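What follows is a short report on a single structure.
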Amino acid sequence: MTPQQPNWWKTGTAFQIWPASYKDSNSDGIGDIPGIVGTLDYLKDLGVDIIWLSPMYDSPQKDYGYDISNYQDVWPSFGTLKDMDDLIEQCHKRGMRIILDLVVNHTSDQHAWFQESKQDKTNPKAEWYMWKDPKIINGERHPPNNWKSIFGGSAWEWVEERQQYYLHLFVKEQPDLNWELEVVRQAIYKEAIEFWLDKGVDGFRVDTCNLYSKDTNFPDAAISLQEEPYQPAFKHFENGPRMHEFLQEQRNVCLNKYGDILIVGECPGSSEETILSYLEANEFSCVFDFNTVDLGTNRTLGGKKHHGYKHQLPDFKESLARTQRLIQQHNVWGTVFLENHDQARSVSRFATDNPEYREAAAKMLALCITSLTGTLFLYQGQEIGTYNHSADWSIEDLRDIDSINAFNDVKDKYNDDPIWNKKAMRGLATVGRDNARLPVQWSAEANAGFTDANTKPWIRCHDDYKNVNIAEQLQRADSPLKFYQRMLKFRHEYRDLMILGDFELHDLYEQKAFTFVKKPKGTAEEGASKQELLVVCSFSDEEEPVDMPSRLKSRESELLVSTLGEESAGKYLRPWEGRIYLIK
Ligand code: NOJ
């Protein structure tokens, strides 16, 4: 009997492309789809199996593509529908798959559905968004409740024509769709989902997929921010009462027709139980939990960007271990990721961007995450160890609406005080989203080789692109990029342990090293081999001991990989070194 093959989306390595900053092929300073096509061989060589393309749909770009005005067209600066057909074909030709971003919690306010809906209270789409009457207090008009938008300010916007407010959990140009209506859900399935699956895409990353069902009583949120008029209300709109019903309908009516596709849901602010409930019902193939990327932030408590704090290494280990345990104990699937377009760079956040150790740290993180169980997602630039921009940048250098709002909140509250402004910028340099959205550093040429020398990129290039770039790293054997290439191959070679195996954390409380074991699933009687992998990662500027779990000490071990070279590996871990031992 041949053992069952795991689904393609379990073993594949995914790579996220954020199109505006990836590669500009027509010298307008904005990345585009033909630019992506031109780099597919590079991605294939890196070891990428699946591409996740962030929104390339037509959009006014208030939230850089997450505000869609037409699901069935491409933003002209990115290209055309024909370019998308080409991209899909070229990926498949190389044996790679491609998934798109599915953004259907909200549309742009420029979408035809909203334009019609806002006209009056009786048009055919009048109820397609979440409209509410104002609250009148002492004869004055107020939003229907005190909910704060995730991007700041009230979550409600007034529309004169209708004399009503509409709900927007993100910016005001992103009205929330009314999932309560079946006709709305059917339109979403047809226009946003089936249109693209019919074109041959292999699945979706589903944006904020746990916000569709809200508490439709719209109660006021409890006051947690004393000095502010609007309050975080996650409890009332995250993982709401009809989520399972909606997602199951979406699976049954729509997705199931397309076979074994990848549906990976973005699930911020969700407990393990909630995540498990989505996975066990097969509503998603796997999800992005926020265990690791929320470290050091107070996101769900309404914390500001400058409220960030440095987490401890045990918190990092535990955040990853939580997902590993979920996969292992409940026989569901998960993801492994440290970066995406909403997150600052992992080297800076979770390791070190001290120039002396930065490359070593980038390789150590590569070794660490490629050894974990789940579908691995990498983000553009991660493979070369891109690090955060400097805190000396000014707000004019940034483009992200969330960052700009966060800065302006501080600026307004403290009357443009330079020290407060500096504090706000430091926060953004640590966790701001533009860290991930700077042009990809292709080479040491002008504009990092992202666009041509005479064109101004839409956003500033990283200051250090002459040192940190793909062209240089491709021709240097000990570069982070070459190490990623090696590890992605290795991950397939040791698939049963690295991608599919069980995880055992060693010494959670150790502050300078992260040590874990990957074991085969199943017992020896079931045919599983006895071999295990010991993974040791240093998070230290000094030498550290290799701490082998006692139960492995009597077994023969062989050093398979060292991020700093197997031949020179001694008794102790060098600063920020990572190693893998095969335990026989
Ligand atoms: C989550 C996306 O990842 C983020 O970039 C976006 O701003 C919000 N959802 C709203 O769509």
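Since the structure is predicted, the reported quantities are computational estimates derived from the model, not experimental observations. Ligands are counted one by one from 1 in listed order, and the atoms in each one are counted from 1 as well.
A centroid separation of 6.0 Å or more is found between the aromatic rings of Trp75 and Tyr66. The distance between the ring centers of Tyr212 and Phe246 does not fall below 6.0 angstrom. The aromatic ring centroids of Trp458 and Phe450 lie 6.0 Å or more from each other.
Side-chain contact between Phe15 and Phe377 is absent, with no heavy atoms from C-beta onward closer than 4.5 Å. The side-chain heavy atoms of Tyr71 and Trp113, taken from C-beta on, include a pair separated by under 4.5 Å.
For ligand 1, the atoms lying closer than 4.0 Å to a non-hydrogen atom of Arg433 are 4 (C), 5 (O), 6 (C), 7 (O). Residue-ligand proximity, Arg205 to ligand 1, at heavy-atom distances under 4.0 Å covers atoms 2 (C), 3 (O). When each atom of ligand 1 is checked for a heavy atom of Glu266 under 4.0 Å away, the hits are 1 (C), 3 (O). The atoms of ligand 1 that sit less than 4.0 Å from any heavy atom of His106 are 10 (C), 11 (O).
At the top of the distance list for atom 2 (C) of ligand 1, counting protein heavy atoms only, stands Asp207 OD1, 3.0 Å. Distance from atom 3 (O) of ligand 1 to its nearest protein heavy atom, with residue and atom name: Asp342 OD2, 2.4 Å. Taking atom 6 (C) of ligand 1 as the reference point, the nearest protein heavy-atom neighbour is Asp63 OD2, 3.3 Å.
Note: Leu262 CG to Arg205 CZ = 12.0 Å, rounded to the nearest 0.5 Å.
Taking the ring centre of Trp9 as origin, the terminal cationic atom of Arg97 falls outside the region bounded by 6.0 Å and 45° from the ring axis.
Of the candidates Asp353, Thr430, Asn435, Thr386, Ser348 forms a side chain to side chain donor-acceptor pair (under 3.5 Å) with just one, namely Asp353.
Of the heavy atoms in Arg437, only side-chain atoms (C-beta onward) come closer than 4.0 Å to ligand 1. Residue Gln343 does not touch ligand 1, judged by heavy-atom distances below 4.0 Å. Only side-chain heavy atoms of Phe151 come within less than 4.0 Å of ligand 1; its backbone N, CA, C and O stay farther off.
Remark: among candidates Tyr64, Phe170, Trp18, the nearest residue to atom 8 (C) of ligand 1 is Phe170, based on non-hydrogen atoms.
Of the N or O atoms in Thr208, none lie within a sub-3.5 Å distance of an N or O in ligand 1.
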